[in-house]
Amino acid sequence: MKIGVLAMQGAFREHGKALESCGCGPVEVRKAEHLEGLAGLILPGGESTAIGKLLVDFGLLDKIQALGRKGFPIFGTCAGLILLAKDIVGSNQPRLGLMDITAKRNAYGRQVDSFEIDLPVPEIGDNPIRAVFIRAPYIEKVGPEVKVLASFQEKVILARQGNLLAAAFHPELTEDFRLHKYFVNMCHDYIHS
Ligand code: GLN
């Protein structure tokens, strides 16, 4: 099964390694034609304004949007979560806007640039996952179709809306790839539906 990783900017290589550990062939996506034949797509962390602009410049924004609306699985991590959000607090930057969430960028302040926590995610197992936050957003508001999978300090940081999965942290930076496996299962369901 081939799963794409948007490779415009940011932490895309680590996602490729995580997918390989899950037995999938990662495909770096830089042009529209790279989307063909994929079972899903990961939007990595990085700088959401830069990635959004590149998506527009490379003609990928509309293509990914159309796929996402038709049930194609997309997993956004950190900046990727911001790109998936319908609303971004105080910003009109380019985005896919597929998920009914309001994202707040750099939500933990400049002082707390990065930190790690053990995060319980009942949906993927009994043991918590290690969540690495780097100038992370959180989800300020979720719509009725959105399922909250994990919160931290009463803010939603992991959520799913059907074929869309969004994490405020960087699951690719640990050796625990259960969240990637969860996404791979979503992709598996998609191509077998
Ligand atoms: N602060 C970045 C943004 O707003 C996201 C940080 C990250 O992806 N690690 O785009």
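Whatever order the structure lists them in is the order used to number ligands and atoms, beginning at 1. In this chain, numbering begins with 1 at the start of the sequence shown. Worth saying up front: this structure is predicted, and the values here are computed from it rather than measured.
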Under 3.5 Å donor-acceptor, Q161 side chain and D100 backbone: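 It does hold such a pair.
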
Test your reading of the structure: does [X] have an N or O sitting under 3.5 Å from an N or O of ligand 1?
X    : answer
T77  : no
T49  : no
G46  : yes
I134 : yes

When you look for heavy atoms under 4.0 Å from ligand 1, do you find them on the side chain of R105, its backbone, both, or neither?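 Answer for R105: side chain.
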
Distance only, no hydrogens: is a donor on one side chain within 3.5 Å (strictly under) of an acceptor on the other, for R160 and Y182?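 There is such a pair (donor and acceptor under 3.5 Å, judged by atom type) between the side chains of R160 and Y182.
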
State the atoms of ligand 1, each with its element, that fall below the 4.0 Å cut-off from a heavy-atom position in [X].
X    : answer
I82  : 3 (C), 4 (O), 10 (O)
G45  : 8 (O)
S48  : 3 (C), 4 (O), 10 (O)
N106 : 1 (N)

Measuring from atom CG of L55 to atom CG of L61, what distance do you get when rounded to the nearest 0.5 angstrom?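 Spacing of CG (L55) from CG (L61) equals 5.5 Å.
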
How close do I82 and R95 get, counting heavy atoms only, and between which atoms?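 Heavy atoms only, the tightest pair is O-CB, 4.4 Å.
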
Work out which heavy atom in E172 is nearest to a heavy atom in F177; give both atom names and the distance.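 Of all heavy-atom pairs spanning E172 and F177, the closest is O-CE2, 4.2 Å.
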
Would you call the rings of Y108 and F152 parallel, tilted or perpendicular if under 30° counts as parallel and over 60° as perpendicular?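 Y108 vs F152 ring planes: tilted.
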
Under a 4.5 Å side-chain heavy-atom rule over Ile, Leu, Val, Met, Phe, Trp and Tyr, are L19 and I124 clustered together?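 As far as the 4.5 Å side-chain criterion goes, I124 and L19 are connected within one cluster.
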
Which option out of C78, A103, P44, G76 puts a heavy atom nearest to atom 8 (O) of ligand 1?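 Heavy atom nearest to atom 8 (O) of ligand 1 belongs to C78.
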
